[in-house]
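Notes to accompany the following structure.
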Amino acid sequence: MQINRSDKNPILLPSRQNTWESTAAFNGCVTKTNGTFHMLYRALSSTQIVNKNKLQLSSIGYSQSSDGENFSEHTQLFIPQESWEIYGCEDPRITFLDNKYYIFYTALSQFPFNANGIKVGLAITQDLKTITQKHPVTPFNAKAMSLFPEKINGKYAAILTANTDQPPAKISLALFDKEEEMWSNDYWQRWYRYLDDHAIPLQRADKDQVEIGAPPIKTDYGWLLIYAYIKDYFTDHKIFTIEAALLDLHNPKIILSRITTPLLQPETNYERFGYVPNIVFPSGAQIHNDELFVYYGAADTYTCLAKCSLSELLSELNDPKNKVEHVGEAVDISVRLHRYFENPILAPINDHEWENKAVFNPAVIKIQDKIHILYRAMSNNNVSNIGYAQTTDGYHIDQRLDKPVYVPREIFETNGSGNNFGCEDPRLTLIDERIYMCYTAYDGHNAPRVAFSSISLEDFLLQRWHWSIPKLISPPGIDDKDACVLPKTVGGKYMFFHRLQTFIWVDFVDDLHFYEGNYLGGSILLKSRPGQWDSHKVGIAAPPIETPDGWLLLYHGIGDDHYYRVGAVLLDLDNPKQILGRTTYPLLEPEMHNEKDGQIPNVVFPCGAVVKDDTLFVYYGGADSVTDVATVKMDKVLQLLKKSHL
């Protein structure tokens, strides 16, 4: 796709005559009314003193043009005045709607700059001369908020980048019934609690970053979004690029198509050299005579313009190779597990020697109105016991015992050194008034094996921890983990799931006694998929959950990048060896700090899940260090699996 830089670039330059913009004049955003192009831009001053701090202060400048390319003299539209913006007003996005100009911008409230002091502000004006209202908008870290130029389904709609400075950043949609909700703290607290519900998944790799560029432009084919895609964001050789996507006119959370080859990346001297070198950052876009004008900041110093044929760009976006498949990608990407905003729900306790290093990989079982959590607890000498906690609402811990409820007892899960052994990664199943637990037994020397123990339901509820003597149920000398038993028999036999080598296996047994020498084997149920997120290894997550549509089995998959992610399959109710559906994309992947950093980085690892009020609660270990919970509506997962292609 050909996009051409204006031969008049940079179209906006800093001015030494104006101290308020003597360092930079960049990231211009343009709206067009009555034939006039109105540009707002970030102006960076020479060094000033603000609250005894030396800094170069950002304010919002204004210029106008009749052709969108040649802009007249600059004026300063507004400056930082309120406490929530006192250290700078940056990167405006302007939209004309309801006879008002809505100007969202980045408001800086702390110095030195940090994520907690980088939020969205809003200024409103009717004439681009007098600001009639100013409001702090987001109570969380965010940037680049832009209002759609018309209401969608009767609601104000905005797009913004949340967590820009606390990655992963998420381009997200916000809808408002009335104007005041745009700056309502209560609205944004509720919205942020379910951030994943609002996300538009444009990011292709965890190592990259996406950020809003220009306010969306309406076309016959969808909302045209010009945005920043920053490759290798967490490295010293990050690459700033500009990309384009089409969003559904009625539901902009749905990506219809996108071009993944950059429209633009730093090449010219004015993009490669400046206040911050090697940056092209889209900040505005307008249609003019079937041309798309893309305004962008160059090297955080200048405002520049690039142009292309709108019809050619739309034709490229409508090319089948750039379409996002509606049944697969559009639905699959949007069905995700949504993290509890106060994760982790369990963390190590320094005063408890047996759990002072990590608490993770939790099994759960729901009995009446209580969710019981058995979690792997690790001491500083790498001995794993099993701890207990319970919750009523699924999020807040009502009780947590100060001693383990299951400890290593047998020779196959202990050793004489006092280090590096134990009982790991439990899974729980209730059958006939008895709770059965599969877990990984490890002695620190031999291959880990599946162990099997049980307790009466009465003893469990009364917290009398009279567990049966554990038995090894997987063969010696073979790494076998991730096991559970189905809560119902199949053809009069008990069905076990376990992970041999890199696949999920199933086996059927006549009873649950496992006399010596009787070990699990069976046949392969689920294989890894070359080239996909689960290309290297798969294992069960939680025991299967019975639904009217089949058995829902969550599983973890490891890719070539060694990330642990979570997917799901749907198994036939009567013949659970038959797979009815499988997710194309993961339902959960490492994104948050406590999932990416820990004992084992980049791990989300569930061992338990329950259904409460039609919502699936999934409990998982983050980076082998803490316990988290995430949720999704059960019907969404089932609809996804019924539409999926094997």
Side-chain angles (χ1 to χ4, degrees), residues 193 337-380 383-409 422-431 433-439 453-468 470 484 487 541-543 545 594 598 604-613 615-622 624-631:
R193 189 173 300 177
L337 282 159
H338 308 304
R339 297 167 178 84
Y340 178 45
F341 72 104
E342 290 187 348
N343 276 342
I345 61 170
L346 291 172
I349 298 177
N350 288 333
D351 293 339
H352 295 173
E353 185 177 342
W354 59 278
E355 60 174 352
N356 58 5
K357 184 174 185 178
V359 292
F360 58 114
N361 298 2
V364 296
I365 192 165
K366 183 172 177 285
I367 302 170
Q368 297 175 348
D369 63 340
K370 297 289 185 184
I371 298 172
H372 304 266
I373 306 170
L374 266 62
Y375 59 90
R376 178 180 173 184
M378 181 178 284
S379 66
N380 279 326
V383 173
S384 290
N385 296 274
I386 294 176
Y388 172 89
Q390 71 171 237
T391 173
T392 303
D393 65 3
Y395 303 108
H396 299 93
I397 300 301
D398 303 325
Q399 182 188 31
R400 180 175 178 179
L401 300 186
D402 59 7
K403 294 182 179 179
V405 300
Y406 193 93
V407 299
R409 295 175 284 168
C423 309
E424 306 173 357
D425 308 344
R427 274 92 171 176
L428 301 174
T429 305
L430 176 62
I431 302 175
E433 300 296 305
R434 197 162 185 86
I435 295 173
Y436 292 88
M437 179 171 68
C438 292
Y439 64 93
S453 182
S454 65
I455 187 173
S456 73
L457 179 60
E458 180 182 8
D459 282 345
F460 185 88
L461 294 176
L462 293 174
Q463 298 185 0
R464 300 185 304 225
W465 307 113
H466 303 320
W467 293 91
S468 67
C484 74
I545 295 173
N594 63 351
V604 289
F605 194 93
C607 289
V610 297
V611 178
K612 176 180 171 62
D613 300 328
T615 298
L616 180 68
F617 284 71
V618 178
Y619 295 83
Y620 64 96
D624 274 16
S625 298
V626 295
T627 292
D628 297 327
V629 63
T631 61

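Bear in mind the structure is a predicted one, so any value in this text is a computation, not a measurement.
Two rings, from Y388 and Y406, have their centers 6.0 Å or more apart.
When side chains are defined from C-beta on, M378 counts as touching S384, because their heavy atoms get closer than 4.5 Å. Annotation: side chain of R409 is in contact with side chain of P470 (closest heavy-atom distance under 4.5 Å). Between I386 and W465 there is no side-chain heavy-atom pair separated by less than 4.5 Å.
Atom OH in Y439 sits 14.0 Å away from atom CZ in R427 (nearest 0.5 Å). The structure places CG of D459 at 8.0 Å from CZ of R434, a figure rounded to the nearest 0.5 Å. Atom CD1 of residue I371 and atom OH of residue Y619 lie 3.5 Å apart, to the nearest 0.5 angstrom. Here the straight-line distance linking atom CZ of R400 with atom CG of L346 works out to 5.0 Å at 0.5 Å rounding. Note that OG1 of T391 is 8.0 Å distant from NZ of K612, once rounded to the nearest 0.5 Å. With rounding to the nearest 0.5 angstrom, the CG atom of L461 is 9.0 Å from the CD1 atom of I455.
Taking all atoms of both residues into account, the shortest heavy-atom contact from C607 to P543 is O-CD, 3.8 Å. The shortest heavy-atom contact between A542 and A609 is CB-N, 3.5 Å. Between N356 and N350, the shortest heavy-atom distance links the atoms CB-O, 3.8 Å. Shown here for N385 and P404, the closest heavy-atom pair between the two residues is CB-CB, 3.8 Å. Scanning both residues, Q399 and L401, for their nearest heavy atoms gives NE2-CD2, 3.6 Å. Nearest heavy atom pair, residue F360 against residue G621, reads CB-CA, 4.0 Å.
For the pair N343 (side chain) and V629 (backbone), a donor-acceptor distance under 3.5 Å is present. Listed for the S453 side chain is a donor-acceptor partner under 3.5 Å among the backbone atoms of S468. A donor-acceptor pair is defined here as one N or O able to donate and one able to accept, closer than 3.5 Å; such a pair exists between the side chain of D393 and the backbone of Y395. Between the side chain of R339 and the main chain of P344, no donor-acceptor pair closer than 3.5 Å is present. At least one donor-acceptor pair closer than 3.5 Å links the side chain of W467 to the backbone N or O of V405. Here the side chain of W354 pairs a donor or acceptor atom with the backbone of D402 at under 3.5 angstrom.
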Trace of the side chain to side chain contact (heavy atoms under 4.5 Å, CB included) decision for Y340 with H396: CA-CA 10 Å; Y340 178 45; H396 299 93; 3.0 Å; yes
Residues D624, N361; criterion side chain to side chain contact (heavy atoms under 4.5 Å, CB included); working and verdict: CA-CA 7 Å; D624 274 16; N361 298 2; 4.1 Å; yes
Chi angles and distances behind the side chain to side chain contact (heavy atoms under 4.5 Å, CB included) call for Y620, L337: CA-CA 11 Å; Y620 64 96; L337 282 159; over 6 Å; no
Verdict with supporting geometry, I435 and L457, side chain to side chain contact (heavy atoms under 4.5 Å, CB included): CA-CA 6 Å; I435 295 173; L457 179 60; 4.0 Å; yes
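Side chains of N594 and D628: a donor-acceptor N/O pair is present below 3.5 angstrom, by distance only.
When the shell of 6.0 Å around NZ of K403 is examined, it contains 12 or fewer heavy atoms from other residues, nucleotides or ligands.
Under the rule for a salt bridge (Lys or Arg N to Asp or Glu O under 4.0 Å), the partners of D425 that lie at least two apart in sequence or sit in another chain are R376.
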